[in-house]
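Data first, discussion second: the structure below is written as structure tokens.
Reminder, nothing fancy here: chain letters follow the sequence lines and each chain counts from 1. Atom set for the values below is all heavy atoms of this structure, side chains included, hydrogens, waters and symmetry mates excluded.
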Amino acid sequence: MRVVAVRQANLRQSAAASAEIRAIWREVAALPRGSVSTYGGIAARAGLPRRARLTGHALKVAPKSLALPWHRVVAAGGRIAFPRGSAAHREQCRRLRAEGVEVIRGRVRLPKAQDLDALLWGSAR
DNA sequence: GTTGTGACATTAT
DNA sequence: CATAATGCCACAA
């Protein structure tokens with residue numbers, strides 16, 4: 001029985017896991033230009049509630065060839081997930097601003113209406 | 001198989 | 001604003 005459990009875990013690691021990862025990639029790729037969403041929000045929309053961390057992981061392992069708009073994904077409250085001053089942090093700010101998103105002290109303005117709307121209903125206005 | 005870490009979130013101090 | 005406690009879970013050591 002332990003053996004079975006372990007085997008299941010191993011299986012999940014290789015094949016199945018990427019299905020969830022792919023679901024997340026899909027959601028991220030669907031983010032409209034100039035909008036932002038959160039890790040938890042993306043996970044939820046991908047059908048993976050409470051798996052914000054997985055979103056982070058998915059982005060980390062995402063192949064560059066996908067050219068995902070990772071910069072449109074921020075932490076809860078609009079915070080940039082990277083430490084202030086880090087290269088990644090600056091890069092994300094830069095990209096966001098280039099899309100017209102206001103970034104203030106490592107925090108993006110999540111227009112309330114748009115915020116909750118986007119999180120609960122997707123960007124579909 | 002256990003442990004520590006992490007592009008997280010939420011709630012409570 | 002900062003910390004801590006929980007929850008969640010993939011991954012590497």
For [X] and [N], give me the distance from atom [atom1] to atom [atom2], rounded to whole Å.
X	N	atom1	atom2	result
A/I24	B/dA7	CD1	C1'	12 Å
A/L48	B/dA9	CG	P	15 Å
A/R50	C/dG7	CZ	P	12 Å
A/W70	B/dA7	CH2	C1'	9 Å
A/W25	B/dA7	CH2	C1'	15 Å

For a quick test of reading the model, state the closest non-hydrogen atom pair linking A/Q92 to A/I80 and the distance between them.
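Looking at all heavy atoms of both residues, the closest pair is OE1-CG2, 3.3 Å.
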Heavy-atom closest pair, residues A/H89 and A/R84:
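Closest approach of A/H89 to A/R84, heavy atoms only: CD2-CA, 4.0 Å.
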Protein-nucleic acid N or O pairs under 3.5 Å, nucleotides 3-6 of chain C:
none

[X] side chain to [Y] main-chain N or O, any donor-acceptor pair under 3.5 Å?
X	Y	value
A/E27	A/A46	no
A/R109	A/E102	no
A/R90	A/G85	yes
A/R97	A/V103	yes

Heavy-atom check, side chain of A/I42 versus side chain of A/L31, under 4.5 Å:
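Yes, their side chains come closer than 4.5 Å.
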Taking the side chain as every heavy atom from C-beta outward, state whether A/P63 and A/W25 have any atom pair closer than 4.5 Å.
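Counting from C-beta outward, A/P63 and A/W25 do come under 4.5 Å.
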Is it true that A/E91 and A/R95 have a side-chain N and a carboxylate O under 4.0 angstrom from each other?
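Salt bridge: yes.
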Before you tell me yes or no, could you show the steps for A/H71 and A/C93 under side-chain contact (heavy atoms from CB on, under 4.5 Å), namely the whole-Å CA-CA distance, both residues' side-chain angles and the distance that decides it to 0.1 Å?
CA-CA 8 Å; A/H71 55 281; A/C93 282; over 6 Å; no
List, with names and distances, any nitrogen or oxygen atoms from the protein found under 3.5 Å away from nitrogen or oxygen atoms belonging to nucleotides 3-5 of chain B.
none

Please pick, from [options], the nucleotide with the shortest atom-to-atom distance to any side-chain atom of [X].
X	options	answer
A/E20	C/dA10, B/dA9, B/dA7	C/dA10
A/A52	B/dC8, B/dA7, C/dA10	B/dC8
A/R51	B/dA7, B/dA9, C/dC9	C/dC9

If you find the nucleotide of DNA chain C closest to A/R107 and the one closest to A/R53, which residue's nucleotide is nearer the 5' end?
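The 5'-side residue here is A/R107.
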Contact residues, residues 77-97 of chain A to DNA chain C [heavy atom, < 4.0 Å]
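Listed by number, there are none.
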Pick the C1' atom in B/dT5 and in C/dC8, then give their distance to the nearest Å.
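These two C1' atoms come out 14 Å apart once rounded.
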Is the phosphate of C/dC11, meaning OP1 or OP2, less than 4.0 Å from a side-chain N or O of A/H57?
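A/H57 to C/dC11 OP1/OP2: side-chain N or O found under 4.0 Å.
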Going through the checks in order, is the side-chain contact (heavy atoms from CB on, under 4.5 Å) test met by A/V73 and A/L68?
CA-CA 10 Å; A/V73 184; A/L68 290 180; over 6 Å; no
